[in-house]
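These notes are about the structure you will find just below.
So you know, we letter chains A, B, ... as the sequences are listed, proteins then strands, and number each from 1.
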Amino acid sequence: METYLLMHQRRARIGRGMSTVALLAALFLTQEISSQPSVLVVRPEGSQFRDAVQGMVDDLGSEFSISELILDRQNRSLDRALRHIKPSAVVLMDNSAITGYRNWLTGAGDSSVSPPPAIALMGILVGKAIAGMPNTEAISYEIPIVTSAVHLRSIINAPIKKIGVVHRSLMDDLIEQNRESCLRENFFIINKSLPDNSIFMRFKLKKALLDLLENEQVDALWVPNDNILLSPSFLTMVWIPQVKKYRKPVIVGIEALAKPDLEFGTLAVLPDHVALGVQAVALLLDARENKWKVRSGAVEPSLSVYKVLNLRQARAWYKVPMDRCKVIDKFLQ
Amino acid sequence: MTGLSRNRVPALSAPMVPVLGRLRCILQGFCCFSLIALGIILQNADAENVRSLYVFYPSTTRPPVFAQKLTESCPGLNVTVFGRYQDFSQRTESDEPDIIITKPPVLKTLPPYVEKMRGIRKGSTEEPCVLLSIDVPVNQDSLSNIRLGVVDFLGRTGTEGFVADLLGAPMNLNRVTKIEDLLPMLTFNKAQAVFVGESIVPYFKKITLLNLVITRLPGCATGIAICATREQTDPDSIKNDLLTIEKNTSVLLEIDQWKPIY
């Protein structure tokens with residue numbers, strides 16, 4: 001993986017392929033002339049990460065200087081960046097960045113750099129990922145079920161109260177965290193927790209889905225982003241046939257799952273990455289006010305979402321009128 | 001004989017065929033070129049005549065839906081709708097569209113534009129701002145002690161300044177880009193109240209079962225909508241486009257009517 005560091009100018013797009021040496025030189029220079037707080041963003045390559053950084057850059061303007069580090073497999077570049085930049089705070093995007101920073105913290109006993117506060121985002125089950133890390137808080141990447149369900153209810157021309165969820169046990173905590181906020185909106189989560197590993201997963205998944213759709217008569221399904229439960233074979237052999245049979249609206253977390261030809265997801269609710277960057281800025285500003293202390297272990301929900309509607313299914317199955325779809329960001333038909 | 005004559009004719013005309021063919025090709029090519037050139041000229045002339053309309057108007061209608069409806073309502077205008085202030089201000093600065101529709105405070109950040117029409121709702125060009133909270137109203141004496149959710153429609157510092165001006169003191173703000181994202185702020189207690197225009201309240205009351213309580217803020221109001229053109233634009237040349245906007249956009253912008261300033 002390519003490693004580089006880049007000083008951001010306001011509204012500058014993120015470049016690629018600059019040599020580490022040249023950039024480190026630029027960093028030294030900037031450190032000399034800059035009196036602004038500096039933030040180091042540690043992230044993998046990818047457009048969604050670039051969008052989040054863009055949100056930060058647009059929002060912070062020239063008040064902070066933002067540097068980026070695209071992580072390589074070793075942590076040497078992270079150590080080097082932290083030593084040279086001496087950031088006021090770090091923003092960790094994705095679990096790889098969180099793990100990298102955790103490893104650096106573990107080995108930082110002999111370092112001359114005192115660990116800056118960290119804000120973690122865009123990581124899977126980020127609360128678990130940052131557990132035990134000092135001066136680190138996070139923004140959850142999983143969209144709260146209540147947020148998605150409120151949007152579905154405002155669109156679909158049918159009552160939605162019981163929301164069925166099939167998940168593996170590693171998501172037990174996440175589902176429980178969602179239960180209370182759902183209740184306040186009169187949504188009842190009815191969940192089926194499957195073991196994390198099982199050679200009978202397909203049968204267990206089918207049984208759980210049938211139980212929800214037939215016995216519990218849920219009004220909608222919320223599908224977690226779990227690549228085991230959403231494997232192509234489970235999707236084609238279990239999920240799609242059941243959804244087609246019972247015609248219940250399905251909330252998914254991946255746009256591809258709401259493609260009309262798939263005949264599966266009704267509404268995809270995804271994180272708005274630019275807005276996630278802006279949300280991270282709010283935490284950075286709070287940290288600055290609190291003398292670079294953050295609420296260790298705290299996890300904020302993602303506030304902004306991007307909504308994609310499978311218009312073909314919504315019209316054919318639920319007779320959704322267009323005037324209910326004003327808040328949709330993208331239509332698939 | 002017949003066979004010979006048949007043979008002779010092609011023998012005599014053989015060199016002529018490619019020449020005529022070439023001439024015909026050249027003529028056809030010339031015609032095609034002329035038609036294409038004419039098409040390009042007409043298209044450019046058309047493009048010059050089509051006015052550009054940029055819109056940044058935070059509402060519960062997302063930009064793709066807004067753009068589609070606005071394009072249908074104003075067929076003579078090339079419409080672009082923005083969802084973020086930063087994108088709108090950057091593109092307006094670089095592209096200099098002929099007409100813009102936005103919120104009045106946003107216009108103040110765009111100096112080369114002058115207002116031509118103001119949106120009117122319930123007989124006023126301004127609408128009251130209110131606070132929405134869950135279960136209990138907001139104590140206005142302790143506003144500076146709570147966190148307010150607000151739609152970021154002027155950038156961070158601009159929005160902070162705007163709210164501080166209206167409420168008389170700097171506030172602790174949590175910002176979102178879209179109006180509908182204010183609801184999760186209340187749900188998850190990321191803000192104890194959200195600061196919105198009164199016209200937005202029915203939307204929230206419709207989509208949520210939370211017990212939303214309105215706190216009215218006496219004397220706190222902001223402009224609803226404004227339509228402006230570039231300073232140097234000849235008023236006569238743009239009159240028809242403004243008339244189209246005046247007639248066809250009020251429902252979409254959720255105003256009662258436009259009040260012309262010219």
Q) Which region of A:D323, side chain (C-beta onward) or backbone (N, CA, C, O), has a non-hydrogen atom less than 4.5 Å from a non-hydrogen atom of chain B, or is it both or neither? A) neither
Q: Side chain from CB out, backbone as N, CA, C, O: work out which of these in B:D152 comes under 4.5 Å of a heavy atom of chain A, or both, or neither.
A: side chain
Q) In terms of heavy-atom pairs under 4.5 Å with chain A, which of B:T208, B:V176, B:T187 leads? A) B:T208
Q. Which bit of B:K190 is near chain A, if near means a heavy-atom gap under 4.5 Å: side chain, backbone, both or neither?
A. side chain
Q. Yes or no on side chain to side chain contact (heavy atoms under 4.5 Å, CB included) for B:Q86 and A:V278, after CA distance, side-chain angles and deciding distance?
A. CA-CA 12 Å; B:Q86 284 88 349; A:V278 176; over 6 Å; no
(Q) For A:Q279, which atoms come within 4.5 Å of any heavy atom of chain B: side chain, backbone, both, or neither? (A) neither
Q. Which answer fits B:N172, side chain, backbone, both or neither, if we ask what part of it has an atom under 4.5 Å from a heavy atom of chain A?
A. neither
Q: Would you mind checking which part of B:Y203 comes under 4.5 Å of any heavy atom in chain A, side chain (CB onward), backbone (N, CA, C, O), both or neither?
A: side chain
**Q.** chain B contact residues among residues 117-129 of chain A, heavy-atom distance under 4.5 Å
**A.** none
Q. Under 4.5 Å, heavy atom to heavy atom, which residues of residues 138-148 of chain A contact chain B?
A. A:P144, A:V146, A:T147
**Q.** Verdict with supporting geometry, A:D272 and B:T177, side chain to side chain contact (heavy atoms under 4.5 Å, CB included)
**A.** CA-CA 10 Å; A:D272 180 331; B:T177 316; 5.6 Å; no
Q. So which part of B:I134 gets closer than 4.5 Å to some heavy atom of chain A, the side chain, the backbone, both or neither?
A. side chain
Q: Against chain A, label B:L183 side chain, backbone, both or neither, depending on which of its atoms sit under 4.5 Å from a heavy atom there.
A: side chain
**Q.** Part of A:R184 within contact of chain B (heavy atom distance under 4.5 Å)
**A.** both
Q: Measure A:L303 against the heavy atoms of chain B and call it side chain, backbone, both or neither at under 4.5 Å.
A: both
(Q) Walk me through whether A:H151 and B:E180 qualify under side chain to side chain contact (heavy atoms under 4.5 Å, CB included). (A) CA-CA 9 Å; A:H151 286 303; B:E180 63 265 31; 3.8 Å; yes
Q: Verify side chain to side chain contact (heavy atoms under 4.5 Å, CB included) between A:L60 and B:R156, making sure each step is shown before the conclusion.
A: CA-CA 8 Å; A:L60 279 171; B:R156 180 165 58 86; 4.2 Å; yes
Q. In terms of heavy-atom proximity below 4.5 Å to chain B, should A:V274 be classed as side chain, backbone, both, or neither?
A. side chain
Q) Is any side-chain heavy atom of A:M322 closer than 4.5 Å to a side-chain heavy atom of B:V65? A) no
Q) Got B:I207 and A:R153 here, is their nearest side-chain heavy-atom distance under 4.5 Å? A) no
Q. Atom CG in B:L209, atom CG in A:L183: separation rounded to 0.5 Å?
A. 12.0 Å
Q.
I'd like to know if B:R84 pairs up with A:D58 as an ion pair, taking the criterion as any Lys NZ or Arg NE/NH1/NH2 lying under 4.0 Å from an Asp or Glu carboxylate oxygen.
A. yes
Q) Are the side chains of B:D181 and A:V305 in touch, meaning some heavy atoms are under 4.5 Å apart? A) yes
